[in-house]
Amino acid sequence: LPPGGCRAFWGWLNAVFNKVDHERIQAVGPDRAASEWLLRCGALVRYRGSPKWQQDYNGLPTGPLGKYKIEAINATDSCIMYRGFDYLDGLEHVTDIKLEKCMYIQDECLQRLSETNNLQRSLQQLKIISCGNVTDKGILALHKLTNLEYLYLSDLPGIREKEKTFSVLQKALPNLELELDLE
């Protein structure tokens, strides 16, 4: 492989992993389809009523359609990217999302997250850590997540106007607990 060829290959493969299969969503339901997407990309999911994280794609629980509802997503070190975010639209029970060291997460992803109707209703906790492509614009976009109770931001070098950004967000979401660990 030529230098950089490996990275290009993985970029291509990650794009394939994030391609949304709408027929699959119809066939197996939104939670199962989203679980498959997230696990393919290296993320973990936790289902409502279960304490354990699901990380093995082949160990995904089977059962009646719609039995397993995603409650939490841990996307640490995963390759989830914007093109896969359609999978989130049908999820109605997600209360908790952690985005850590996600190289493909950028402002557009956070905008898309905050415009997802179901997440506006259900999401209570969001952690964004070491995502180098996130800027103030992405953080400001989160103001549409009206039920968000806790937001943790750490190691986000793209955030330039901290005070301004956080005061705007705090005004928009007065019940939000904002925890910052930023340089």
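Just so it is clear, the model here is predicted, and its values are computed rather than measured.
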Exercise for the section: Report yes or no: do Y47 and Y57 belong to one cluster of Ile/Leu/Val/Met/Phe/Trp/Tyr joined by side chain heavy-atom distances under 4.5 Å? Expected result: yes

Problem - Validation row: E163, S167 side chains within 4.5 angstrom (heavy atoms) - result: no

Exercise for the section: Inspect the contact between R112 and E108 and indicate whether a charged nitrogen and a carboxylate oxygen are less than 4.0 angstrom apart. Expected result: no

Problem - Common cluster, L182/L140, ILVMFWY with side-chain heavy-atom separation under 4.5 Å - result: no

Exercise for the section: Using a strict cut-off of less than 4.0 Å between a Lys/Arg side-chain nitrogen and an Asp/Glu carboxylate oxygen, indicate whether E36 and R24 qualify as a salt bridge. Expected result: yes

Practice task
Spell out, yes or no, whether L99 and Y152 are grouped together once hydrophobic residues are joined by side-chain heavy atoms under 4.5 Å, including indirect joins.
Solution key: no

Problem - Q170/L176 under side chain to side chain contact (heavy atoms under 4.5 Å, CB included): CA gap, chis, key distance, verdict - result: CA-CA 7 Å; Q170 206 74 71; L176 180 67; 3.9 Å; yes

Handout entry: Between CZ on residue R121 and NE2 on residue H93, distance to nearest 0.5 Å
Key = 10.5 Å

Exercise for the section: Measure the CD-CD1 distance between E100 and I129 for me, rounded to the nearest 0.5 Å. Expected result: 4.0 Å

Problem - Whether over 12 other heavy atoms sit under 6.0 Å from E23 CD - result: no

Problem - Short side-chain donor-acceptor distance under 3.5 Å, E179 and Y150 - result: yes

Handout entry: D107 side chain to G138 backbone, donor-acceptor under 3.5 Å
Key = yes

Practice task
Of all the heavy-atom pairs spanning D155 and S130, show the shortest one and how long it is.
Solution key: OD2-OG, 2.6 Å

Practice task
Would you please classify the geometry between the Y87 ring and the W37 ring as parallel, tilted or perpendicular, with 30° and 60° separating the classes?
Solution key: parallel

Handout entry: Single-linkage hydrophobic cluster L119~M81, side-chain heavy atoms < 4.5 angstrom
Key = no

Handout entry: Beyond-backbone contact of T95 with R48, side-chain heavy atoms, under 4.5 angstrom
Key = no

Handout entry: pair I139-F166: side-chain heavy atoms closer than 4.5 Å
Key = yes

Problem - Residues N118 and T116: side-chain donor-acceptor under 3.5 angstrom - result: no

Handout entry: The single option from L151, L156, L153 passing side chain to side chain contact (heavy atoms under 4.5 Å, CB included) against L180
Key = L153

Problem - In one Ile/Leu/Val/Met/Phe/Trp/Tyr side-chain cluster, 4.5 Å: F17, L60 - result: no

Handout entry: Short side-chain to backbone donor-acceptor contact, N133 and M103, under 3.5 Å
Key = yes

Practice task
State plainly whether the residues E115 and K144 are in salt-bridge range, i.e. N to O under 4.0 Å.
Solution key: yes

Practice task
Evaluate whether atom CD of Q26 has more than 12 neighbouring non-hydrogen atoms of other residues, nucleotides or ligands under 6.0 angstrom away.
Solution key: no

Practice task
Tell me, with the steps shown, if D56 and L39 meet side chain to side chain contact (heavy atoms under 4.5 Å, CB included).
Solution key: CA-CA 7 Å; D56 175 15; L39 267 58; 5.7 Å; no

Practice task
Examine the side chains of Y104 and S78 and answer whether a donor and an acceptor come within less than 3.5 Å of each other.
Solution key: no

Handout entry: Inter-residue atom distance S35.OG - L44.CG, 0.5 Å rounding
Key = 11.5 Å

Problem - Closest contact, heavy atoms only, H143 versus T146 - result: O-CG2, 4.3 Å

Fill in the blank from the handout: When every non-hydrogen atom of A43 is compared with those of A75, the smallest separation belongs to CB-CA, 3.7 Å

Exercise for the section: Supply the atom-to-atom distance L110 CG to I97 CD1, rounded to the nearest 0.5 angstrom. Expected result: 10.0 Å

Problem - Whether D136 side chain and E161 backbone form a donor-acceptor pair below 3.5 Å - result: yes

Problem - Nearest non-hydrogen partners of C131 and C102, listed with the distance - result: SG-N, 3.8 Å

Handout entry: Reference residue D31; test side chain to side chain contact (heavy atoms under 4.5 Å, CB included); the match among I25, V45, I70
Key = I70

Problem - Chi angles and distances behind the side chain to side chain contact (heavy atoms under 4.5 Å, CB included) call for R83, K19 - result: CA-CA 6 Å; R83 66 183 299 186; K19 188 175 183 319; 3.7 Å; yes

Problem - Which atom of A141 lies closest to which atom of S114, heavy atoms considered - result: O-OG, 2.8 Å

Practice task
Dump the intermediate steps for side chain to side chain contact (heavy atoms under 4.5 Å, CB included) on K52 and Q54, then the final yes or no.
Solution key: CA-CA 6 Å; K52 74 182 210 346; Q54 185 68 44; 4.0 Å; yes

Fill in the blank from the handout: side chain to side chain contact (heavy atoms under 4.5 Å, CB included) with K98: of L126, I73, N74, only one passes, and it is N74

Exercise for the section: Could you grab the distance from atom OH of Y82 to atom CD1 of I105, nearest 0.5 Å is fine? Expected result: 11.5 Å

Handout entry: Reported CD-to-CG distance for the pair Q120 and L148, which is rounded to 0.5 angstrom
Key = 11.5 Å

Practice task
Could you tell me whether D96 and R46 make a salt bridge, using a distance below 4.0 angstrom between a side-chain N and a carboxylate O?
Solution key: no

Handout entry: Smallest separation among heavy atoms of P157 and R160, with atom names
Key = O-NH1, 2.7 Å

Exercise for the section: Side-chain contact test, heavy atoms from C-beta onward, threshold under 4.5 Å: evaluate it for S122 versus N147 and give yes or no. Expected result: no

